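Here's the structure, in structure tokens; my notes come after.
Nothing here was measured: the structure is a model prediction, and the numbers come from that model.
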Amino acid sequence: MVLRCLILFVGWASFSAHGANLDALAGHKDWRALLHMPAGSEQSEIETPAFFLAENGAGNPAAELRATLNAFTAQPELMCRYPARAAWLAQQQQLSNFDPQQCTALQEWLAGQAADQVSVIFADGFLDNPASFYGHMLIRVGDRNADDAQKLLATSFNFGARVPDDENPVVYITKGIFGGYTAAYSTSHFYRYDINYAEAELRDLWSYELATDAAQSRLLIWHLWELLETDYTYFFTSRNCAYHMARALELVTDGELVERGDPFVLPADIIQRLTQATINGQPAVKSRSLHPSRLHRFQQKWQQLSASEIILARAWLARPQPATLTSASAEQQRRVIAVLADFYAYRLSQEHDNDALKHQLEQERTTLLRSRMLLPMGSNPDWLEHESSAPESGQDPSMLRLGWHHSSTGQRHENALAVAFRPAYYDVLQPQQGRLANATLTMGELGIHVLEQELQLEQLWLLRLHTLNYSASGMPGDGGASWGLDVGWQRDHLRQSTDVLSPQLRGSYGQAYQLNPRQWFDVAIRAELRDPSAELGAMVVSPQLTWLADWRGSRSQCQTRYEYDLSERLEKPWFIGCEIAFHVADDQDIRVSLAHQQASIVALKWSWYW
């Protein structure tokens with residue numbers, strides 16, 4: 001009787017200990033990461049019910065853990081559907097029969113790759129598409145012994161919205177902001193993404209190799225493979241590629257890369273956080289490398305040509321015949337031909353619809369390469385590699401600004417304390433490291449004035465996008481149109497005697513030019529839609545001139561325009577304004593601005609970025 005009671009007690013104690021152990025495992029950071037259940041939340045962010053094996057698995061990690069173990073025991077083939085779960089449970093000594101080599105679909109997908117290394121890829125922002133201004137993230141499956149050619153064949157993961165091919169850009173942005181699309185992971189060979197981003201869209205690709213060991217790399221890769229059958233609601237500025245890939249990466253990082261309540265999550269922010277994160281107590285990023293676009297490679301070499309070589313290159317384009325180059329030395333010809341070869345490479349990558357021009361460019365390139373073959377034997381030119389600023393080197397995205405604002409119209413003078421807040425991202429007067437050059441991308445910028453002990457909403461910009469997409473070389477296809485888009489509300493101190501808060505939609509389109517390495521100007525047409533008033537109509541169109549300059553430790557911008565009020569109510573159409581930002585610290589600047597039209601405004605502001 002005593003022996004029987006002892007056996008029952010030992011069995012009960014063993015069962016209780018096993019249950020307690022499973023409860024502890026269910027709360028483990030890695031298990032919650034496998035379910036995409038953020039810290040502080042009891043609900044998974046995965047919206048596909050079929051991903052979970054327990055009926056309430058999306059909201060109960062312990063139930064999902066028990067259902068997973070039971071399913072793996074009853075149906076061992078399910079381990080191949082959830083290889084990351086199986087591998088992790090095997091590490092926790094909860095499984096002993098998991099063999100990934102028996103998973104046919106997984107092994108066919110890997111196609112013989114060792115899959116023992118992971119790299120995060122960041123594609124720079126794309127100036128021709130507002131939706132791609134942020135940049136983009138990919139994850140590449142790696143082989144520690146792969147060469148450059150093998151890396152192009154590596155399998156990679158992408159995340160994006162399911163968007164119809166003929167979707168209107170305005171509809172795309174609207175649906176993207178308000179969650180009108182579903183999104184999912186996809187996978188393909190890396191060379192396809194390389195062709196799309198680096199070759200066709202001329203975007204630089206940055207590769208960040210993670211400091212994961214072979215087991216961690218496989219765990220992450222297998223988990224991403226599990227996610228290929230999951231769906232998500234896509235939000236352009238928050239639940240995007242950066243957010244969901246960060247959630248997957250948290251399976252191997254020591255801490256979280258993103259918070260659940262973040263209103264804006266952008267690829268460059270995740271890259272910055274990744275470079276500051278740790279894996280096993282060590283820096284999460286083992287190494288970083290740049291894969292420059294065709295245009296980048298051309299621009300780097302173009303800037304190293306002498307004045308006479310630039311003249312020779314332009315002469316070739318005017319008259320693409322071998323005799324055009326023969327006046328120069330063999331060394332100069334080799335240098336010019338090398339640069340022009342890159343020129344034709346990026347030009348041909350852009351011509352998809354104009355078959356006649358594409359044929360012409362191909363003929364000119366063939367003639368150029370024949371000219372190179374006729375030159376005497378000699379070494380290839382040596383080109384200096386200028387280090388580009390990495391995405392993580394940019395200023396932090398959030399901004400708080402305090403300042404003094406003075407406006408005067410005739411005998412009326414007002415002074416106000418100005419407070420502004422912006423959760424993301426950057427404007428054209430900030431330091432240019434890690435950013436699209438000479439561009440503005442801000443969202444949700446709020447401005448408040450404290451005037452005679454009263455709070456007054458001064459401005460609320462939902463979105464501001466601007467770029468001076470100038471040509472660095474002046475060659476065809478290098479650079480494009482400058483453009484801008486502003487959507488929001490603002491008080492009009494400059495043009496109206498009553499500064500009413502008015503909704504505004506503003507757009508600009510023009511052409512930017514580089515005066516020298518530190519100065520640019522832009523000629524554009526600006527159009528504005530707004531609430532009409534007694535002093536201003538609903539639509540204003542303006543020719544606009546912008547001048548932008550870098551100084552030592554500062555940036556400045558001046559604008560002037562002549563505004564045509566289509567209702568002919570505006571009395572003073574000329575506008576002129578200037579602002580200079582002094583970069584007093586890595587996370588601070590001081591700004592002084594002047595603007596004049598019907599009224600005059602002077603402002604002094606201090607900005608803090610974090």
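Partner of His36 under the side-chain hydrogen bond (donor to acceptor under 3.5 Å, both in side chains) criterion, out of Glu45, Arg247, His223: His223 alone. Test Tyr134, Phe178, Tyr243 against Phe236 for ring pair (Phe, Tyr, Trp, His ring centres under 6.0 Å) and you get one pass: Tyr134. Ser607 pairs in a side-chain hydrogen bond (donor to acceptor under 3.5 Å, both in side chains) with only one of the listed residues (Asp587, Asp427, Asp589), which is Asp589.
Taking both residues in full, the closest heavy atoms of Asp231 and Thr48 are given as N-OG1, 2.7 Å, listed atom of the first, atom of the second, then distance. Summarising the geometry of Gln504 relative to Gln490, their closest heavy-atom pair is NE2-O, 3.6 Å, with the distance given to 0.1 Å. Nearest heavy atoms, Tyr82 versus Ala50: OH-O, 3.4 Å. Counting all heavy atoms, side chain and backbone alike, Pro423 lies closest to Ser398 at O-OG, 3.0 Å. A pairwise comparison of heavy atoms in Leu266 and Met443 identifies CD1-CE, 4.0 Å as the closest pair. Shown here for Tyr181 and Pro164, the closest heavy-atom pair between the two residues is CE2-CD, 4.2 Å.
With no hydrogens or angles considered, no side-chain donor-acceptor pair links Arg294 and Ser349 at under 3.5 Å. No side-chain donor from either of Gln117 and Ser217 sits under 3.5 Å from a side-chain acceptor of the other. Inspection of the Arg66 and Asn60 side chains reveals no N or O donor paired with an N or O acceptor under 3.5 Å. Between the side chains of Asp478 and Gln299, a donor-acceptor pair is found at a separation under 3.5 Å. Checking Tyr232 against Thr230 by side-chain atom types alone, a donor-acceptor pair falls below 3.5 Å.
Using a 30° and 60° split on the angle between ring planes, Tyr346 and Phe298 fall in the tilted class, from 30° to 60°.
Under the 6.0 Å distance and 45° angle rule, Arg273 does not count as a cation-pi partner of Tyr208. For the pair Arg435 and Tyr425, the cation-pi test (distance below 6.0 Å, angle within 45°) is passed.
Considering only heavy atoms from C-beta on, Ser389 stays 4.5 Å or farther from Gln432 through its side chain. His296 is listed as a side-chain neighbour of Ser388, based on a closest heavy-atom distance under 4.5 Å. Residues Leu65 and Arg85 are not in side-chain contact: their nearest non-hydrogen atoms beyond the backbone lie 4.5 Å or more apart. In this structure the side chain of Leu110 never reaches within 4.5 angstrom of the side chain of Thr155, judged on heavy atoms.
A distance of 8.0 Å separates CG of Asp522 from CD of Gln511, quoted to the nearest 0.5 Å. In this structure, CG on Asp269 lies 12.0 Å from CD on Glu392, to the nearest 0.5 angstrom. Leu34 contributes atom CG, which lies 6.5 Å from atom CD of Glu226 (distance to the nearest 0.5 angstrom). Distance CG/Asp486 to CG/Leu465: 8.0 Å, rounded to 0.5 Å.
The closest donor-acceptor contact from the side chain of Ser119 to the backbone of Ser207 lies at 3.5 Å or more, if one exists at all.
Proximity of the aromatic rings of Tyr609 and Tyr426 is defined here by a centroid distance below 6.0 angstrom, and this criterion is not met.
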Would you sort out whether Arg32 and Glu42 count as a salt bridge (charged side-chain N to carboxylate O under 4.0 Å, His left out), showing the intermediate values?
CA-CA 9 Å; Arg32 293 176 64 90; Glu42 292 305 316; 3.4 Å; yes
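Looking at Arg288 and Glu209, no side-chain N of the basic residue comes within less than 4.0 Å of a carboxylate O on the acidic one, giving no salt bridge. Salt bridge status for Arg239 with Glu47: absent, with no side-chain N to carboxylate O gap under 4.0 Å.
In this structure, the ring pair (Phe, Tyr, Trp, His ring centres under 6.0 Å) partners of His136, at least two apart in sequence or on a different chain, are Tyr197.
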